[in-house]
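This report refers to the structure that appears directly beneath it.
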2 protein chains.
Amino acid sequence: MTWRDPSGRTLADYPHPSIAVDVALLTVTQDGRLAVLLHERDEHYEAGRWALPGTFVRMDETLRDAALRALREKVGETGQEPRQLRVFDALDRDDRGRVMSVAHVDLVPPGRLEGTTGTLLPIDPETRQPILPDRQGGLGFDHDQIVEAAVEWARDAYQERPDPRHLIGEEFTLLELQRVHEAVLGRPWQKDTFRRHMVQYLDETGDLSRGTVGKPARLFRRRPQQI
Amino acid sequence: MTWRDPSGRTLADYPHPSIAVDVALLTVTQDGRLAVLLHERDEHYEAGRWALPGTFVRMDETLRDAALRALREKVGETGQEPRQLRVFDALDRDDRGRVMSVAHVDLVPPGRLEGTTGTLLPIDPETRQPILPDRQGGLGFDHDQIVEAAVEWARDAYQERPDPRHLIGEEFTLLELQRVHEAVLGRPWQKDTFRRHMVQYLDETGDLSRGTVGKPARLFRRRPQQI
DNA sequence: ACAATAGTGTCTATCAGACAATATCCT
DNA sequence: AGGATATTGTCTGATAGACACTATTGT
């Protein structure tokens, strides 16, 4: 059944690079900061270093499934919708052998990270790097580049549209929405500018917020995407 | 020397997917159209179909080098600077076995494609697909998606900056520049809008064009990128 | 009444897009 | 002179950013 070339060999008979996935799982914490989920490696390699969850891609799974499995196995969490960033393929990036890694990013609400065995570390908005609790020289592998690309991806996604990854619920006030966007973008936003930019993508629910001080705010929901 | 896990196995001992590269090599033809370099497969698989040049990545080469080798071996041309688009990883995308492909794009001046054994086919600006000379059902594999992504990448690159991939020479008139941009973007551009948009990235050489009918145009060159 | 937050009016600067007038060459 | 192309002036509409005023609640 297996395909064979004229010399009778299958594809797997030729030596070929191994392929891994690494996932930068981002979220926004209670205190309004972007954070990334890391774990301290207890593997047989690079043990003790901070790293992104990652794993080798198996023969019969897609990249997406491998990314979700990496999150489950390494930090006890299911991601949501991992997206490819790019392939890291430097010949010497892994001393164990020839390994390419497909970097992924996912951005999930903080509620999904309750039972995690990983560590959520805040990201410096300027450097786009996690702030490590100890000063032991950064992330393993090329994971600093992956985190940077992940932050860029998230910022891009939150530049235009209201909370596309549903970090907050279905109904929210403009102030709540603004807080999330400011956390992801790592910079403040003028409230009137923000409002006028976002309302075009929002529908009013007709209800008002309750129990807050000051004038109650209208509640909005995301307007269903018109194609 | 080789790393081994606790069970004494190397990375390569575990079955893992094969990895390939495919390259959409784009250029702009004399008649001002975007075109992609294809070849008719004479391989042992999918023979006779139009396809992008591609090859399997070897153990000791980077994606970039594999992409350049694919161009050399399949269409007799050296590319310039292939860039990753994304990984195509559907489980059934290749009947020969589990093969992921890292799609690449490159955009080179037409002069580099003189001795090619491939076929340059124009791209429909609307569909972003090559116009095949025969009506035999499209490209093999998922190469239609790759071409589409490649065109998107090229358009993005030519949205803002003057001819970043140096499809024309170092000195040019604004009309020459505009022709190239219109070819890549697949739509006309108003000359005064185009001019005012581009001059900020250009320096005048001080010379004028010669031998043309009408008022001679000033020559420009790209302003060295200020960081 | 007062504090606090929500929502809006309006001014400015910038920019893309479009039209058309003027400038300068070649034959 | 007349055709052809280059270059620039100017108008319009859209938009981001900023400031400040008005509106509506709880205490």
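First the proteins, then the strands, lettered A, B, ... as listed; each starts at 1. Because the structure is a prediction, the values reported are computed rather than measured.
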Spacing of [X] atom [atom1] relative to [N] atom [atom2], expressed in whole Å:
| X | N | atom1 | atom2 | value |
| --- | --- | --- | --- | --- |
| A:K191 | D:dA16 | NZ | P | 19 Å |
| B:L219 | D:dT7 | CG | C1' | 15 Å |
| A:R179 | C:dA6 | CZ | P | 8 Å |
| B:L185 | C:dA16 | CG | C1' | 15 Å |
| B:R210 | C:dT24 | CZ | C1' | 15 Å |
| A:W189 | D:dA16 | CH2 | P | 9 Å |
| A:L175 | C:dA4 | CG | C1' | 12 Å |
| A:E176 | C:dG7 | CD | C1' | 16 Å |

Polar atom pairs between nucleotides 22-27 of chain D and protein, under 3.5 Å, N or O only, would you list them?
none

Record whether the side chain of B:R196 comes under 3.5 Å of the base of C:dG17 through a donor-acceptor pair of N or O atoms. no

Look at [X] and [N] and indicate whether a side-chain polar atom (N or O) is within less than 4.0 Å of OP1 or OP2.
| X | N | result |
| --- | --- | --- |
| A:H197 | D:dA16 | yes |
| A:Q190 | D:dA18 | yes |
| A:R195 | C:dA6 | no |
| B:R218 | D:dA6 | no |

Which heavy atom in [X] sits nearest to a heavy atom in [Y], and how many Å separate them?
| X | Y | result |
| --- | --- | --- |
| A:D89 | A:M100 | CB-SD, 3.7 Å |
| A:P216 | A:S209 | CB-O, 3.4 Å |
| B:L34 | B:A183 | CB-O, 3.8 Å |

Centre of B:F88's six-membered ring, under 6.0 Å away, within 45 degrees of the axis: is that where NZ or CZ of B:R86 sits? yes

Examine B:R187 relative to B:W189 and say whether NZ or CZ is less than 6.0 Å from the centre of the six-membered ring and inside a 45° cone about the ring axis. yes

A:E160 atom CD, over 12 foreign heavy atoms within 6.0 Å: yes

For A:R69, all residues meeting salt bridge (charged side-chain N to carboxylate O under 4.0 Å, His left out), sequence neighbours excluded: A:E61, A:E73

